[in-house]
Amino acid sequence: MSLDKIFSDFMRASCIFKNRDVLSISFTPDTIPHREKQINELARIVAPALLGSKPSNVFIYGRCGTGKTLVSLYVTRELVKRSNGNVKTVYINCKLKGSDTKYRLFATITKELGKEVPFTGLPTDMVYNLFIETIEGEGKVIILILDEIDVLTDKTDGDILYTLTRVNQELKNSKLSIIGITNKLGFIESLDPRVRSSLSEEELIFPPYNALQLKDILIQRARLAFSEGVLEEGVIEKCAALAAQEHGDARRALDLLRVAGEIAERSGSPKVKIEHVDMAEEKIDTDKFLEIIKTQPKQSQLVLYTILRLLENRKEVQTGDVFNEYSKLCREYGMKILTQRRVSDLIAELDLFDIISTKIISLGRYGRTRIITLNLADSTLEKIKNYLSEVFT
DNA sequence: AGGTATTCACATGAAACTATTCTCTGAGTTAGG
DNA sequence: TAACTCAGAGAATAGTTTCATGTGAATACCTGT
């Protein structure tokens with residue numbers, strides 16, 4: 001195929017998108033449909049910041065893709081706009097590497113406020129002091145948005161939140177209030193009572209979108225993202241329906257639409273068809289898994305590889321089988337053999353990622369173990385296998 | 001037959017260890033005055 | 001003498017290992033009928 005053809009094909013097809021970014025997660029639309037109630041409530045809660053007093057801490061719960069982050073960012077941004085510079089917000093996604101421990105959380109917040117902090121090497125309390133100092137230096141109301149706040153308790157130092165809720169007692173000039181976001185319902189109950197009462201002075205719940213609401217959202221964005229008339233009848237409905245099945249996840253709906261568009265574009269189709277949506281669904285899943293697997297450490301990958309190889313011949317395997325075979329492969333590839341204890345953990349981790357599914361059963365006299373099965377789509381499985389056998393040649 | 005007691009093959013927890021990456025400190029070195 | 005360099009001490013963190021303890025039900029072992 002000549003370059004001319006590739007480029008001209010691309011130009012022709014590329015008129016599918018008018019503005020692709022509108023469909024990405026980071027895009028903030030001007031209006032957020034079906035969230036008026038939550039917006040108003042949150043706005044009412046944070047409003048006292050305008051008068052220089054500390055707003056209540058808020059705890060926001062809702063499944064993923066229900067607009068929690070979007071609404072929080074939107075409301076706080078509007079608030080800052082009207083505050084004459086007396087309010088500052090810091091948004092932190094606790095799940096991202098770099099803010100999932102006490103040290104790093106304080107370090108990133110401080111950095112967000114404009115002070116350089118080395119990301120390792122200092123004692124934690126020094127970073128903490130620096131953090132306090134920096135906030136104090138601001139002399140403002142600071143709203144801290146902690147997205148996926150639940151990961152802060154999983155880690156060993158579970159007292160991060162406790163420390164955080166008590167920061168105000170050390171502050172004189174500034175005030176710090178917290179907006180905590182999570183999608184784990186049980187999270188708030190699992191907290192220390194002191195932390196709980198302080199953190200959830202107010203609570204907001206974001207219900208999932210239903211198919212109709214998703215459709216509204218998609219229509220709104222599609223108008224900006226796609227050229228006139230490239231969406232075939234029913235495409236939006238299909239995306240909305242698929243996402244509604246997945247507990248009303250708007251992000252998923254938008255991803256579906258975007259990827260479907262990209263697939264149509266790449267295949268040179270002048271229109272986005274329903275079948276493109278099906279392909280998009282598959283691609284998103286595959287990509288997600290591959291992405292996870294690629295970022296796993298070698299040992300974990302090898303364990304997964306072992307499992308997949310064993311499951312070619314059988315329907316299910318158990319921990320012991322995996323460990324034996326794994327040890328064999330380790331010797332073959334000259335890798336260090338981890339303990340069974342560790343391998344057991346790695347398997348449990350893979351289960352958490354939904355790459356495999358496991359169940360702990362007791363075989364009575366024959367012990368207790370985890371039985372491992374697969375629940376991946378064939379095409380996904382194929383791609384994963386290809387990747388792994390490339391890694392372990 | 002019915003009821004306990006064993007026993008297997010791991011699961012699960014806690015703590016301690018290791019390697020890596022990074023900062024800070026202070027001793028020794030260098031260059032300029 | 002001030003500025004620079006560089007090794008060593010100390011931290012944080014991810015990934016492990018070590019040691020210890022837990023667990024559910026199929027079987028083995030009894031018991032009295």
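Letters go in sequence order (proteins before strands), and every chain restarts at 1. Note that this is a predicted model, so its numbers are computed, not measured.
- The two residues A:Arg35 and A:Thr66 have their closest heavy-atom pair at NE-O, 2.9 Å.
- Ionic pairing of A:Glu41 and A:Arg44 is not present here: no N-O contact between side-chain nitrogen and carboxylate oxygen is shorter than 4.0 angstrom.
- When each of A:Arg341 and A:Asp321 is assigned the nucleotide of DNA chain B with its nearest heavy atom, A:Asp321 is the one assigned upstream, toward the 5' end.
- Side chain to side chain, A:Thr373 and A:Ser357 meet the donor-acceptor criterion of an N or O pair below 3.5 Å.
- Of the candidates C:dT16, B:dC24, C:dC19, the closest approach to any side-chain atom of A:Arg342 belongs to C:dT16.
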Collect all protein-nucleotide pairs involving nucleotides 3-5 of chain B in which both atoms are nitrogen or oxygen and the distance is under 3.5 Å.
none

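- If you check every strand for non-hydrogen atoms under 4.0 Å, A:Arg370 touches sugar and phosphate atoms only.
- Spacing between atom CG of A:Asp345 and atom C1' of B:dA14 amounts to 12 Å, rounded to whole angstrom units.
- In this structure, the nucleotide among B:dC24, C:dA12, C:dT17 sitting nearest to the side chain of A:Thr124 is C:dA12.
- When only modelled atom types and interatomic distance are considered, A:Glu148 and A:Thr182 share no side-chain donor-acceptor pair under 3.5 Å.
- Straight-line distance from the CG atom of A:Leu352 to the P atom of B:dT12: 12 Å, rounded to whole Å.
- At the heavy-atom level, A:Ile337 lies under 4.0 Å from the strands shown only through sugar-phosphate atoms.
- Between A:Lys102 atom NZ and C:dA12 atom C1' the separation is 13 Å, expressed in whole Å.
- Remark: A:Lys68 does not engage A:Asp147 in a salt bridge, criterion side-chain N to carboxylate O under 4.0 Å.
- A salt bridge between A:Asp285 and A:Arg252 is present, with a side-chain N of the basic residue lying under 4.0 Å from a carboxylate O of the acidic one.
- Protein atom CD of A:Gln340 is 13 Å distant from nucleotide atom P of C:dT18, rounded to whole Å.
- In this structure, A:Ile372 places its CD1 atom 14 Å from C1' of B:dA9, rounding to the nearest Å.
- When distances run from any side-chain atom of A:Gln299 to the nucleotides C:dT13, C:dT16, B:dT23, the shortest one goes to C:dT16.
- Among C:dT18, C:dG15, B:dA11, the nucleotide with an atom closest to any side-chain atom of A:Pro297 is C:dG15.
- A salt bridge does not link A:Asp255 to A:Arg251: none of the charged nitrogens lies less than 4.0 Å from a carboxylate oxygen.
- Shown here is A:Glu332, whose CD atom has more than 12 heavy atoms of other residues, nucleotides or ligands within 6.0 Å.
- At a non-hydrogen distance threshold of 4.0 Å, nothing from residues 300-320 of chain A comes into contact with DNA chain C.
- Between the CG atom of A:Leu346 and the P atom of C:dG15 there is a distance of 10 Å, rounded to whole Å.
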- When every nucleotide of nucleotides 21-31 of chain C is labelled 5' to 3' by its protein contacts under 4.0 Å (heavy atoms), B for base, S for sugar-phosphate only, - for none, what sequence of letters results? --BBBBS----
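- Using a 4.0 Å cut-off between charged side-chain N and carboxylate O, A:Glu138 and A:Lys140 make a salt bridge.
- One atom, CE of A:Met126, and another, P of B:dC24, lie 8 Å apart when rounded to the nearest Å.
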- Task: Starting from the C-alpha separation in whole Å, work towards a yes-or-no answer on side-chain contact (heavy atoms from CB on, under 4.5 Å) for A:Tyr333 and A:Leu302.
- Result: CA-CA 10 Å; A:Tyr333 298 131; A:Leu302 184 57; 4.0 Å; yes
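- Whole-Å rounding puts the A:Asp351 CG to B:dT12 C1' distance at 15 Å.
- Between A:Thr369 and B:dA9 there is no side-chain polar atom (N or O) within less than 4.0 angstrom of OP1 or OP2.
- A cation-pi contact, defined as under 6.0 Å to the ring centre and within 45° of the axis, is absent between A:Arg20 and A:Phe27.
- In this structure, A:Phe131 and A:Phe106 have tilted ring planes: the angle between them lies in the 30° to 60° band.
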